[in-house]
Student: 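Below is a structure I'd like to ask you about.
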Amino acid sequence: MPFLPGDSLLFAIGALAAQSSLNITVLLVILIVAAILGDTVNYWIGAYMGPRVFHEKIKFLKKEYLVKTEQFYEVHGNKTIFLARFIPIIRTFAPFVAGIGKMKYGRFLSYNIVGGMVWVTLFLLGGYYFGDIAFVRENFSLVIMLIILISFIPVVIEFINHRRKRIRSL
């Protein structure tokens with residue numbers, strides 16, 4: 001689900017665990033496994049559907065785009081899979097595109113595992129340890145909104161940089 005606020009949702013679950021009887025260790029294991037399995041399924045859907053889609057005569061899906069995607073993932077696939085976890089919307093499409101781009105599954109899986117573990121652990125434990133602080137409890141909605149805004153900063157920066165490059169090239 002590309003528009004679900006994963007970072008803030010993990011933080012909220014962690015904060016809830018700190019204030020209730022939810023077991024943080026069980027949550028860590030379940031959510032890490034879910035994150036890894038979700039990206040794995042997404043990868044295989046891309047690997048299965050991608051080549052078939054590019055054989056169709058769809059104007060905006062050209063074989064050259066597929067080749068560029070494969071080249072991109074050969075060079076930048078590792079950091080893309082890891083860092084995409086921390087960027088809303090991108091985290092949904094990166095594993096799918098990695099499958100389309102024929103990123104080697106072993107490479108994908110290793111960065112998927114590490115990225116999933118770091119992402120879930122960081123935000124879940126962040127919520128667990130900071131969610132019970134009085135200021136955070138009293139301003140919980142504000143804190144969640146701040147997490148969502150912060151997570152979109154890389155997208156905004158990339159958009160601005162892309163626009164600047166485009167303007168310079170004109």
Side-chain angles (χ1 to χ4, degrees), residues 1-47 69 72-101 103-164:
M1 298 297 296
F3 301 106
L4 284 179
D7 307 334
S8 57
L9 191 58
L10 289 170
F11 185 89
I13 293 168
L16 183 63
Q19 299 169 19
S20 70
S21 62
L22 291 173
N23 185 313
I24 192 69
T25 305
V26 171
L27 285 172
L28 270 169
V29 171
I30 290 171
L31 293 172
I32 287 170
V33 169
I36 293 166
L37 288 177
D39 272 15
T40 299
V41 168
N42 208 349
Y43 171 92
W44 285 113
I45 291 171
T69 300
F72 175 86
Y73 272 86
E74 188 61 39
V75 176
H76 304 289
N78 300 348
K79 65 183 171 189
T80 300
I81 296 304
F82 180 83
L83 293 175
R85 292 276 186 189
F86 299 90
I87 305 171
I89 302 168
I90 303 300
R91 81 171 126 249
T92 303
F93 296 107
F96 180 76
V97 176
I100 290 173
M103 182 177 183
K104 290 180 178 62
Y105 181 67
R107 274 181 57 213
F108 168 82
L109 184 60
S110 61
Y111 284 89
N112 178 22
I113 290 170
V114 172
M117 291 174 70
V118 171
W119 180 63
V120 170
T121 302
L122 180 70
F123 285 99
L124 191 65
L125 292 183
Y128 186 76
Y129 290 114
F130 293 109
D132 207 21
I133 296 173
F135 175 81
V136 174
R137 259 194 337 263
E138 293 164 8
N139 299 288
F140 195 71
S141 295
L142 180 64
V143 171
I144 294 298
M145 292 302 292
L146 191 60
I147 291 170
I148 292 170
L149 286 173
I150 289 170
S151 65
F152 273 101
I153 288 174
V155 175
V156 171
I157 290 171
E158 186 57 34
F159 177 78
I160 291 168
N161 287 339
H162 180 73
R163 296 277 298 175
R164 283 183 184 159

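Not measured: the values here are computed from a predicted model.
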Student: For Ala84, give me all partners under side-chain contact (heavy atoms from CB on, under 4.5 Å), at least two apart in sequence or on another chain.
Tutor: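 If we apply the side-chain contact (heavy atoms from CB on, under 4.5 Å) test to Ala84, skipping adjacent residues, the hits are Ile90, Ala94.
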Student: Enter the distance from Phe11:CZ to Ile148:CD1 here, rounded to the nearest 0.5 Å.
Tutor: 12.0 Å
Student: Working to the nearest 0.5 Å, report the span between CD1 of Ile147 and CG of Leu142.
Tutor: 10.0 Å
Student: Under 3.5 Å, side-chain donor or acceptor atoms of residues 126-134 against the rest of the protein: list the pairs with distances, not counting sequence neighbours.
Tutor:
residue, atom, partner, partner atom, Å
Asp132, OD1, Arg137, NH1, 3.0

Student: Ignoring hydrogens and angles, write down the donor-acceptor pairs under 3.5 Å from the side chains of residues 23-32, residues two or more places apart or on other chains.
Tutor:
residue, atom, partner, partner atom, Å
Asn23, OD1, Thr25, N, 2.8
Asn23, OD1, Val26, N, 3.1

Student: Side chains of Met117 and Arg85, heavy atoms from C-beta outward: is any pair under 4.5 Å?
Tutor: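 No - every pair of side-chain heavy atoms lies 4.5 Å or more apart.
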Student: Is the shortest side-chain heavy-atom distance between Asp7 and Trp119 below 4.5 Å?
Tutor: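 Touching, per the 4.5 Å side-chain cut-off.
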Student: How many angstroms lie between OG in Ser8 and CD1 in Ile150, if you round to the nearest 0.5 Å?
Tutor: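 The CD1 atom of Ile150 is 11.5 Å from OG of Ser8, to the nearest 0.5 Å.
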Student: Could you please spell out the steps behind the side chain to side chain contact (heavy atoms under 4.5 Å, CB included) verdict for His76 and Met103?
Tutor: CA-CA 10 Å; His76 304 289; Met103 182 177 183; over 6 Å; no
Student: Between Asn78 and Tyr111, is there a donor-acceptor pair closer than 3.5 Å when you use the side chain of the first and the backbone of the second?
Tutor: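 Such a contact is absent between Asn78 side chain and Tyr111 backbone.
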Student: Would you name the heavy atoms of Glu74 and Arg107 that are closest together and state the gap between them?
Tutor: O-NH2, 3.6 Å
Student: So Phe86 and Phe82, would you call those rings parallel, tilted or perpendicular, with 30° and 60° as cut-offs?
Tutor: tilted
Student: Please evaluate residues Phe123 and Ile13 with respect to the criterion side chain to side chain contact (heavy atoms under 4.5 Å, CB included), reporting the C-alpha separation (whole Å), side-chain torsions for both, the decisive distance (0.1 Å), and the verdict.
Tutor: CA-CA 9 Å; Phe123 285 99; Ile13 293 168; over 6 Å; no
Student: Just how far is it from atom OG1 of Thr40 to atom CD1 of Ile45, taken to the nearest 0.5 Å?
Tutor: 11.0 Å
Student: Just do the side chain to side chain contact (heavy atoms under 4.5 Å, CB included) check on Tyr43 and Ile81 with the steps written out, would you?
Tutor: CA-CA 10 Å; Tyr43 171 92; Ile81 296 304; over 6 Å; no
Student: How long is the gap from CD1 on Ile153 to CD1 on Ile87, to the nearest 0.5 Å?
Tutor: 11.5 Å
Student: Asn112 side chain to Phe108 main-chain N or O, any donor-acceptor pair under 3.5 Å?
Tutor: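 Judged by distance alone, no pair lies under 3.5 Å.
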Student: If I compare all heavy atoms of Tyr73 with all of Ala98, which pair ends up nearest, and what's the gap?
Tutor: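 Tyr73 and Ala98 have their closest heavy atoms at CE2-CB, 3.4 Å.
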